[in-house]
Amino acid sequence: MVFISLTTGYVGPVGDRLISIYERLLSAFGPQDWWPGDSPFEVCAGAILTQNTNWENVRRAISNLKNKDLLRPRAIHELSRESLALIIRPAGYYNVKAGRLKNFVAFLIDEFGGNLDTMFSMGLETLRPMLLDIKGIGPETADSILLYAGELPSFVVDVYTIRALMRHDFIDGDADYEGVRSLFMDHLPADVELYNEYHALWVALGKSLCKKTKPRCEECPLSGI
DNA sequence: GTCCTGTGTT
DNA sequence: AACACCGGAC
């Protein structure tokens with residue numbers, strides 16, 4: 001099926017399991033067509049703004065930036081943190097996130113002349129540790145930028161992924177970010193479209209059924225897997 | 001473990 | 001009024 005055309009080799013029994021989970025999610029929710037962003041830079045900004053924040057509030061903050069023609073690296077670099085904070089206010093944590101956005105664009109401008117194509121041409125293994133060195137860019141934000149803005153095959157793990165995997169006993173309670181990311185990357189082909197869709201499907205599951213409180217487990221497409 | 005914060009839901 | 005929201009720094 002889809003799996004065969006994506007596969008570069010045998011991915012093992014764990015990979016087979018991960019693929020069957022993927023196929024169930026895809027059947028239940030359909031293709032998600034992420035990321036909601038008109039440009040790679042918008043995706044980078046969205047990845048920072050959505051930290052622990054619902055997407056609707058992020059969308060408002062991005063809309064504010066667009067309306068002022070400020071959704072550009074140079075523009076954000078030249079804005080004061082205080083001014084930027086007021087503009088992204090709907091996203092919450094606005095003082096923190098204004099600093100984080102400016103940290104990212106300072107890195108982008110200093111290291112790559114403000115050019116995202118140049119940044120992503122560094123490749124996954126080189127770029128990921130560089131992104132993680134930026135204050136305010138943690139593993140989930142870095143992987144979201146790499147995968148959804150750069151189209152580099154870095155699997156994104158989030159609270160929804162962890163929660164669902166724990167509820168189905170695929171991972172235990174002390175599982176950390178890198179461990180769960182490795183679970184996917186060590187057993188699946190390094191395929192951008194697969195990683196894109198798979199993460200988006202975990203989010204679809206987490207928002208609709210596998211919620212923090214009052215999960216609707218009886219409707220779970222993964223029951224009995 | 002605690003802090004950072006607006007907006008919608010319960 | 002309390003909780004939840006595609007985290008990360010300290």
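Order of the sequence lines fixes the chain letters, A, B, ..., with proteins taken first and strands second; residue numbering starts at 1 for each chain.
- The nearest whole Å value for the distance from the CG atom in A/Leu49 to the P atom in B/dT5 is 13 Å.
- At the heavy-atom level, A/Ile137 lies under 4.0 Å from the strands shown only through sugar-phosphate atoms.
- No contact: A/Leu132 has no heavy atom under 4.0 Å from any strand.
- The NZ atom of A/Lys211 sits 11 Å away from the P atom of C/dA4 (whole-angstrom rounding).
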Identify all side-chain donor-acceptor contacts of residues 84-96 of chain A below 3.5 Å with residues at least two apart in sequence or on another chain.
| unit_1 | atom_1 | unit_2 | atom_2 | d |
| --- | --- | --- | --- | --- |
| A/Arg89 | NH1 | A/Tyr94 | OH | 3.4 |
| A/Tyr93 | OH | A/Asn52 | ND2 | 2.9 |

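- Between A/Arg60 and C/dC5 there is no side-chain polar atom (N or O) within less than 4.0 angstrom of OP1 or OP2.
- Following rounding to the nearest Å, A/Ile48 (CD1) and C/dG7 (P) show an atom-to-atom distance of 14 Å.
- Rounding to whole angstrom units, CH2 of residue A/Trp55 and C1' of C/dG7 are separated by 14 Å.
- When distances run from any side-chain atom of A/Asn57 to the nucleotides C/dG7, B/dT10, B/dT7, the shortest one goes to B/dT7.
- Rounded to whole angstrom, the span from the CG atom of A/Leu101 across to the P atom of B/dT5 amounts to 14 Å.
- For the pair A/Ser63 (side chain) and A/Arg59 (backbone), a donor-acceptor distance under 3.5 Å is absent.
- With A/Tyr198 as reference, A/Phe184 is the one residue of A/Phe184, A/Trp34, A/Phe29 to meet the ring pair (Phe, Tyr, Trp, His ring centres under 6.0 Å) rule.
- Checking C/dC10, B/dT7, C/dG7 against every side-chain atom of A/Asn52, the shortest atom distance belongs to C/dG7.
- OP1 and OP2 of C/dC3 both lie 4.0 Å or more from every side-chain N or O belonging to A/Thr213.
- Between A/Gln32 and A/Glu197, the closest heavy-atom pair is N-OE2, 2.6 Å.
- Look at OH on A/Tyr177: it is 7 Å from P on C/dG8, rounded to the nearest Å.
- For the residue pair A/Ser80/A/Ser83, the side-chain donor-acceptor check at 3.5 Å is satisfied.
- The nearest whole Å value for the distance from the CG atom in A/Asp158 to the P atom in C/dG8 is 10 Å.
- When heavy atoms are screened at a 4.0 angstrom cut-off, A/Val159 is found touching the sugar-phosphate backbone but no base atom.
- Closest approach to the A/Arg163 side chain among B/dT7, C/dC10, C/dC5 is made by C/dC5 (side chain taken as heavy atoms from C-beta onward).
- Checking A/Lys135 against A/Thr53, the closest nucleotide of DNA chain C that is more toward the 5' end is the one next to A/Thr53.
- For the P atoms, the distance linking B/dT7 with C/dG8 amounts to 23 Å, nearest Å.
- Atom C1' of nucleotide B/dT9 and atom NZ of A/Lys212 are separated by 14 Å, given to the nearest angstrom.
- Annotation: proximity of residues 84-100 of chain A to DNA chain B (heavy atom, distance under 4.0 Å) is found for A/Arg89, A/Pro90, A/Gly92, A/Tyr93, A/Tyr94, A/Asn95, A/Val96, numbered in ascending order.
- A pairwise comparison of heavy atoms in A/Ile48 and A/Arg100 identifies CG2-CB, 3.9 Å as the closest pair.
- Looking only at atom types and distance, the side chain of A/Asp143 has no donor-acceptor partner in the side chain of A/Tyr148 under 3.5 Å away.
- Heavy-atom minimum distance, A/Ile137 versus A/Leu131: CB-O, 3.3 Å.
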